[in-house]
Amino acid sequence: MSVSYEEEQHTLESRVTELKALIASEKERSVNVDSFLAIVRKYTDIQELTAEIIREFVEKVYVYQAERVAGYKIQRIRIVWNCIGEFYPPATKGQEKTA
């Protein structure tokens, strides 16, 4: 009986650790979303896109080599936003998401 109690105790301690990590992760995500929304609210009426605005919203921009697809020149870019990371808008007809 003592062995099963110790196993259960160890399992519960592991679960507590997992749940604490999950809570910390969710709190960080919430803070990131709040930070992003604060930036968005700051720039509700943008008349001109400036370097300062770009720096506040964008963390990284990846520009890939241009390719020819069906006679068209295609060049992919990937944007990593501050606070929220990558965002993939819903694909439109004829488009698919690529990473």
Side-chain angles (χ1 to χ4, degrees):
M1 185 146 194
S2 175
V3 172
S4 67
Y5 172 76
E6 289 177 12
E7 287 176 1
E8 182 180 359
Q9 187 70 21
H10 179 68
T11 303
L12 291 174
E13 287 172 357
S14 297
R15 184 69 177 145
V16 166
T17 303
E18 290 173 17
L19 290 174
K20 283 183 179 180
L22 180 64
I23 289 170
S25 172
E26 289 300 319
K27 280 184 181 178
E28 182 178 338
R29 188 181 315 188
S30 175
V31 167
N32 287 344
V33 169
D34 291 341
S35 298
F36 185 75
L37 289 175
I39 294 170
V40 169
R41 286 186 190 104
K42 180 177 175 182
Y43 293 106
T44 56
D45 189 27
I46 296 175
Q47 299 297 317
E48 179 181 347
L49 190 59
T50 64
E52 175 189 352
I53 295 170
I54 297 293
R55 281 191 294 273
E56 285 209 58
F57 279 100
V58 177
E59 181 177 327
K60 297 177 188 175
V61 176
Y62 297 95
V63 180
Y64 295 91
Q65 184 172 343
E67 303 172 344
R68 286 242 178 242
V69 177
Y72 294 97
K73 183 177 178 181
I74 306 289
Q75 187 160 14
R76 289 188 314 127
I77 65 167
R78 188 174 77 173
I79 300 172
V80 179
W81 303 94
N82 283 329
C83 306
I84 62 169
E86 290 188 67
F87 169 75
Y88 297 103
T92 59
K93 186 177 181 180
Q95 268 187 336
E96 57 185 55
K97 177 179 80 170
T98 57

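All of these numbers come straight from a predicted model, not from anything done at the bench.
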Heavy-atom nearest pair, Asn82 first then Glu59, reads OD1-CB, 3.2 Å
Arg15/Glu18 ion pair, N-O < 4.0 Å: yes
If you group Ile, Leu, Val, Met, Phe, Trp and Tyr whenever their side-chain heavy atoms sit less than 4.5 Å apart, what else falls in with Tyr72? Val69, Ile74
Test your reading of the model: is there a side-chain donor-acceptor pair from Glu86 to the backbone of Ile79, 3.5 Å cut-off? no
Between Glu56 and Lys42, the two heavy atoms sitting closest are OE2-NZ, 3.0 Å
Single-linkage hydrophobic cluster, 4.5 Å side-chain cutoff, Ile23 and Val16 together: no
With rounding to the nearest 0.5 angstrom, report the CD to OG distance, Glu7 to Ser2. 10.0 Å
What's the separation between atom CD in Glu13 and atom OG1 in Thr11, rounded to the nearest 0.5 Å? 9.5 Å
Any donor and acceptor pair, going by atom type alone, linking the side chain of Ser14 with main-chain N or O of His10 inside 3.5 Å? yes
Worked check of side chain to side chain contact (heavy atoms under 4.5 Å, CB included) between Trp81 and Val58: CA-CA 4 Å; Trp81 303 94; Val58 177; 3.7 Å; yes
Let me confirm one number: the CD1-CD1 distance from Ile46 to Ile53, rounded to the nearest 0.5 Å. 4.5 Å
Determine whether Leu12 and Tyr5 fall in the same hydrophobic cluster, where Ile, Leu, Val, Met, Phe, Trp and Tyr are linked whenever their side-chain heavy atoms lie under 4.5 Å apart. no
How many angstroms lie between CG in Leu19 and CD in Glu26, if you round to the nearest 0.5 Å? 11.5 Å
Out of curiosity, Gln65 CD to Gln75 CD, how far, rounded to the nearest 0.5 Å? 8.5 Å
Tyr64 and Arg78: CA distance, side-chain angles, deciding distance, side chain to side chain contact (heavy atoms under 4.5 Å, CB included) verdict: CA-CA 8 Å; Tyr64 295 91; Arg78 188 174 77 173; 3.8 Å; yes
